[in-house]
Amino acid sequence: MTTVERRSVAAGRESAPPRPLWHTVLVRPETMTLVLLVVAVFAASALSPYFLDLSYILRSFTLSAEFAIVALVLTMIIIAGEIDLSPAANMALSACLFAYAQAAGVPMPLAILIGLGAGVLMGVLNGLMVIGLQLPSIIVTIGTMIFYRGVAQVIAGDKSIRVPDWFIGINNVFIVGVPVPVVVFIVLSIVLGLVLGVTVFGRQIYQIGTNEIAARHAGIRSRRIKMILFILIGFVSAAAGLMTASRLGSVRYDLGLGGELQMVLMAMLGGTYIFGGRGTILGTFLAAWLLVIVSTGMTVANLLPATQLTVLGILLIVSIIATNAIYSRAQR
Amino acid sequence: MPDAVPLIAARGISKQFAAIEVLRDVDLDLFPGEIHALLGENGAGKSTFAKILAGVHRPSRGTLALAGEPIELASPHAAQRRGITLIHQEPISFPDLSVAENLVLGRGDGSLLGRVPWAEMTREARRLMDLLGVRIDVTLPMRGLSIADQQMVEIARALASDSRLIIMDEPTAPLTPKEVETLFTIARRLRDEGRTIIFISHRLEEVRALCDRVTIFRDGARIETAPIEALSDADIIRLMIGRPLKEYMHKEKATIGAVALAVENLSLPGYFSDISFEVRAGEIVGLGGLVGAGRTDVARAIFGIAPAESGRVLVEGRPVTIAEPSDAIALGLAFVPEDRAVAGIFRSLSVEQNISAAVPAKIAPGGVIRRSVERALAMDAVKRLRIRLASLRQPIGELSGGNQQKAILARWLLTDPKVLILDEPTRGIDIGVKAEFYDMIGELAASGRAILLISSELPELLALCDRILVMAEGRLTADIPRAEASQEVVMSAAVPRVREAAAA
Amino acid sequence: MTTIRSILGRREAGIFVMIVLFAIAVGIAKPQFLTLNSLRIVLLLVPLILIGAMGQMLVILARHVDLSIGSVLGFSAMVTGMMFRYHPEIWWPLGFLLSVGIGAGLGLLNGVLVTVFRLPAIIVTLGTLNLYRGLTYIVSDARQIDRQYVPSALKAMSQTSPIFGIPWIIFISFAVVFATWWFLMHTRLGRQIYALGSNPVAAPLRGIDVTGVTLLVFTISGALSGLAGILYASRWGFVNPSNTGAGFEFQVIAAVVIGGVSINGGVGTVLGTFFGVILLGCVAAALPLLGIAGTTQNAIYGAVIIVALLIDRTVRRQGVKSLARARA
Amino acid sequence: AMAQDALKMVFIGKNTGNPYFDSLTNGFVEGCKALGCEFEFVAPATAEATSQIPFIEAQIQRGVDVIAISPNSPDALNQVFDDARSKGILVLTVNGDITGNESHRDATILPTNFDNVGKDQVEMVGSLIGYEGEIAILSATTEAPDQNKWIEGMKATLASDAKYAKMKLVATVYGDDQPEKSTTEMEALLSNYPDLKGVIAPTTVGIAAAAQVVQSRGIAEQVKVTGLGLPSEMRDFVKDGTVTAFQLWSPYNEGWLAAHFAKGVKEGTIKNEVGSTFEVPDLGTITINPGNSINTQAALTTFNAGNIDDFNF
Ligand SMILES: Nc1ncnc2c1ncn2[C@@H]1O[C@H](COP(=O)(O)OP(=O)(O)OP(=O)(O)O)[C@@H](O)[C@H]1O
Ligand SMILES: Nc1ncnc2c1ncn2[C@@H]1O[C@H](COP(=O)(O)OP(=O)(O)OP(=O)(O)O)[C@@H](O)[C@H]1O
Ligand SMILES: [Mg+2]
Ligand SMILES: [Mg+2]
């Protein structure tokens, strides 16, 4: 029945005056993220003299880079009006499958394919349940989050599985002084930013998230697009899982445990609207740095994780309140 | 009557939504023991006024007095406690609760932790449904009831509430004549008990049959209040629309060509069955019926939103499979849905994005959007359809309803469709724009497009269409050529036979 | 009413049959599963989940969700434990008041964030899940409350009672179940929760105080998590800042979903939820008996949730169909 | 204020809120106080494999001299350990080692010689049940390296020593160091083996859970529970007779020893070589065992009703 109210609202309104340009540019969530980022850098520097060191910050970023990479795709899923809480578990399961396979003697290239393929399959399973069976994605992916990690635990037990030495240390490979995971993150940000920003595919993601029914009526194949997104996040999660395996040198079922919260946090902090239709890759990009700065700053200042949890919880709530406020103001 | 103390005295009632005043200085007295009609075009403010009386909205200005005492109605609950009940225009219910519970919920008696008297409640519910002659199991959940039955439950709820003022906002729209008659009998009895009833309807015959006095709204203002006998139909229409009816009801002659869209034995169990018809190029075919007859479902099926289970669709003589709207679009079909907010616009996105949504290939040849191309297309459409806006970058939600609807039409014209399905295209838009729409529909037909026009407004169908199809209860019941079409003929085909028989 | 029962009853009957089939299957492999002792084990496994599930059910019926219950449990248990540690002279049953009160307060805060700021409950409670856990570390200085500080009488509640020696904790959880059933079926407020979840837009028009009811369900959920908090101390004899309550939300949500409460609100019964909890309890009790490694437990939980969702979808295909129609 | 060049030492626990580490940390605190070192304790919120990495990175960045750590993973920390050692930081594992990856740390401080734990525990349970009857083991996770080593020892002892010939190990189950799971496993043991006489739980969570089950069933006479436990958690059970005796070592001494060892190595007074010896106040002469492994005490301490009140951890 909401529709009735909404329809009337629209019918009654004459056209409103356009907003000034500065308003459009400045009053948006990414601006808030950027400001927070700058504040965080200053705060962290004040908190600990050891903080402000670019190579340390980059090294610290590699610890979250895998999550940040997945968060970019998650941003697109949230913009499309769905959510996925299973990528961290997906990372664990595909990494476990990969590690298990290569430990069992499967040649490395094939083991890598197994890991990536498993990730894609997990994405497909999520997609089928959400799109095919029309179950709410939030509850489906809570279920698969538990399930995927559970299966990882069945496969790997509580053991950690070693990976070959040559596979270890992607975080210690540098391209012009920047660790590879960070480079991957930056490149993926640019690519996905362009996809979302200037292509029809990206445009249609926003349209689906704004009003899926209208999108279908306009001939936009929302189910196909959403399926592509679920498959994409499955694939990227698996790749992130393998990157983590390379960074750690071993794989255990608890790889990336709790990562889903960090990913959601990055998207939310970057101004992605939880109800869909709004958000940018730039926002998530900035938010990933913000989160790393905040947690690195607190860790190097030897603040207890208790404080960190509290700060993360507050950040999440505050950011979503702010995002909501900004969007409802913009909408009036 | 004017000597008595009015039950409700409204003075200077105004209501603003955002910056728009939708009610302006309405003064109205309602007396005990009268049935009072509110008449007016769509969007005149009838429902808004009703909602203010029922505490759903609070007036921006003005005062209300109940039996001489000034009152403030803070909530629907507060109004209910004072004996004011509203039957909403679109039935509102709790689909997971039983009919009996739906009847009782919200009645202001008893404490929140008080016990729910299941047995008593069921008994009372049965009694009420018997009174209205509705045969449904009151212990079943509301979900699954037909719109008509839901409306009857709404009515029963109002009757049971023992209110002094009962406001019925278009209660008869989905009902059969038998059901309408039962409702009227009860309404008259309530009046004779000294209660007041406000009756909102677009059907003048009903108003004449039931009401004592009428008030006519136009553009949010009260234009006239008079005994019903004092006004002729022509007077009422003139007062409602502010100009004679004829002026915008015309149809240019178009040359009618080959069959553009044909439908054969289309069925979707539970929604419609065995639908066959055809629409030719240049022809405007109307599709009439009561609300819930299944017209929208047929249109959705043809367009691939909820495809039919059996039957064939032919476009320009060739059988086609349409599993998705994108298939339909590729075949040259276009569909303007009835519920603009739900199925039409992307509220927070810009007007240009809304207009270009159905033609991605035109604005982005290689997948990458060319803004300048998009802008040019949108600008052109805006000029052609005379869409009033401040900027193409404006969120479409900031436009008025009529201009939003034009933008949706613009979206579809960009696809250069052969067949255009319009579902209630003029619902909820104001009169000036409506007239423009009628002109445009005529022009579109004249340019050789086939048009299927779904509408619940009979005059609209009668004035615009070359042929009128009528649906009732998911079946096609009539195919009436323009020459034979009249209100009576269409209505008699629209009334469901089965329910009519059952109710008798 | 009989008809409603027979329709809704199908779902509960289904879970009940699943429980019976499961018990028989396990019983064939391990006959000792079909003894009174197993019943005791299951009943001692589930009280906390049962209590949490009743609160969660109210929240989900109202079309929200509360992910923070595990942290609420942990925080209230911790503060109560600290009271026991620093003020052993205080009459211990007051711990119940404290724990339930703190839980209610945290639940109310969730409710306020959801109603006042109009935020989605899932995100709010994901935030407070972390926030409350962080606060638990902070107030406790990350120190555990050891067994010696938990009053013996409190611990005894999990072990026995004068009534056939059935532990108090079981009676308490059953009392909560009964009270929830009564509240939902027989009070106007209870029906309003169903109504709100069934159609949130219609609710205010029918005189339902939407804000009030929303605050209420979150507060009850918090209060029951608080109750589960002190009972945790009773059952396990300690309170740990990081373990206590961790993962509680998933067990509870799993049970509620398995019990047939619709995630879209408005649909679900106490009996169904009760059976959902018992089914999970049976699974948890049977796995070690069958010698299945503990590491499979999470996979089984996850699979059970997914299967429950699929069943839910099949049982309510009609409903989903009309939903799809409205959405498509 | 500390001297400019005071030795900076940090201990990274498995996770916060773990009572075992309170006492261990105290040993560090007192040790560093006595030695004039700076000391910090940090720990992640969860004990998952990677959670300690940012903390190690941060300590490297802070330029500490010594990182002592109870590792959450036997191999996920190799890279960051190497990194730390390449910067001249002394890396010690405390109370648990990175078995199989010993080359990535400098030394390990373990409470006692883990080779003897299994044997001692068998003797303990044997003495409680009169060296006759069925026994079972309730352990932590299936892959816990220390526990598995001890269980090996138990099995070897049972198989080789005629003294225990009438004792039969019927099952080894794993409670994952979670109270709920440990309890369910214990209940299942009792159901599956009605003639069970004794249970060894070589983990603090397991022994408390096992004791609780025995207590609530009121079968302390029939089933004897023992293993490794914290006095603070077991005190009640010992006092009410549920548990007669159990064992452990002093976590405090681990911290105390680690602090002294680190300071000595850093200042060159102690040679970190197998076979070298050094003196530690209160502990006496300590020898560096093969694998650069150091023990605080020769044998386990046994706690019972007579002495339990003497321990405050
Ligand atoms: N909640 C609202 N917000 C903004 N505008 C509204 C709202 N409700 C109604 N309006 C506008 O107020 C005007 C009057 O609407 P109202 O529903 O009262 O008309 P009506 O006379 O009942 O029309 P109909 O015959 O179509 O039911 C319309 O322009 C409508 O769009
Ligand atoms: N809210 C609802 N609840 C239950 N059934 C509904 C509901 N809305 C529509 N239906 C059912 O769907 C069928 C067709 O409805 P539909 O909206 O397609 O009819 P319509 O003729 O297009 O009506 P309208 O004049 O409103 O456009 C009817 O059988 C009706 O009972
Ligand atoms: Mg109206
Ligand atoms: Mg329709």
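Each chain gets a letter, A, B and so on, in the order the sequences are listed, and its residues count up from 1.
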Chemist: Report the residues that fulfil ring-ring contact (aromatic ring centres under 6.0 Å, His included) with C:F250, sequence neighbours left out, ordered by chain and then residue number.
Modeler: none
Chemist: Counting only non-hydrogen atoms closer than 4.5 Å, does A:L309 touch chain C with its backbone (N, CA, C, O), its side chain (CB onward), both, or neither?
Modeler: both
Chemist: So, do C:I306 and A:L125 sit near enough that their side-chain heavy atoms are less than 4.5 Å apart?
Modeler: no
Chemist: First locate atom CD1 of A:I274, then atom CG of C:L119, and finally report the distance between them rounded to the nearest 0.5 Å.
Modeler: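 Separation between the atoms: 10.5 Å.
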Chemist: Can you tell me how far the CE atom of A:M268 sits from the CD1 atom of C:I123, to the nearest 0.5 Å?
Modeler: 5.0 Å
Chemist: So how far is it from C:N130 CG to A:Q262 CD, rounded to the nearest 0.5 Å?
Modeler: 9.5 Å
Chemist: Please say whether more than 12 non-hydrogen atoms of neighbouring residues, nucleotides or ligands are located less than 6.0 Å from OH in A:Y100.
Modeler: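 Atom OH in A:Y100 is not crowded, with 12 or fewer foreign heavy atoms closer than 6.0 Å.
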Chemist: Please flag which part of C:L126 lies under 4.5 Å from any non-hydrogen atom of chain A: side chain, backbone, both or neither.
Modeler: both
Chemist: Checking an interface table here. Which of residues 137-150 of chain A come within a heavy-atom distance under 4.5 Å of chain C?
Modeler: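 The list, in residue order, reads A:I138, A:I139, A:V140, A:I142, A:G143, A:T144, A:M145, A:I146, A:F147, A:G150.
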Chemist: Run the salt bridge (charged side-chain N to carboxylate O under 4.0 Å, His left out) test against A:E82 and tell me which residues pass, sequence neighbours left out.
Modeler: A:K226
Chemist: Go through the atoms of A:I321 and report whether side chain, backbone, both or neither lie under 4.5 Å from a heavy atom of chain C.
Modeler: both
Chemist: Which value, rounded to the nearest 0.5 Å, describes the distance between A:I317 atom CD1 and C:L131 atom CG?
Modeler: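 Answer rounded to 0.5 Å: 5.5 Å.
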Chemist: Would you mind checking which part of C:I138 comes under 4.5 Å of any heavy atom in chain A, side chain (CB onward), backbone (N, CA, C, O), both or neither?
Modeler: both
Chemist: Side chain, backbone, both or neither: which part of C:A142 has an atom under 4.5 Å from a heavy atom of chain A?
Modeler: neither
Chemist: Can you find a heavy atom in the side chain of A:T310 that is under 4.5 Å from one in the side chain of C:R133?
Modeler: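 Contact flag for A:T310/C:R133 side chains = no.
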Chemist: If we define contacts as heavy-atom pairs under 4.5 Å, which of C:P200, C:A254, C:G302 has the most with chain A?
Modeler: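 Highest number of pairs under 4.5 Å: C:G302.
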Chemist: Can you tell me which portion of C:L129 sits under 4.5 Å from chain A's heavy atoms? Options are side chain, backbone, both or neither.
Modeler: neither
Chemist: Out of A:D158, A:I314, A:V151, A:L261, which one racks up the most heavy-atom pairs below 4.5 Å with chain C?
Modeler: A:L261
Chemist: Which residues pass the side chain to side chain contact (heavy atoms under 4.5 Å, CB included) test with A:T296, sequence neighbours left out?
Modeler: A:F51, A:Y56, A:S60, A:V292
Chemist: Checking A:F275 against chain C: side chain, backbone, both or neither under 4.5 Å from a heavy atom?
Modeler: side chain
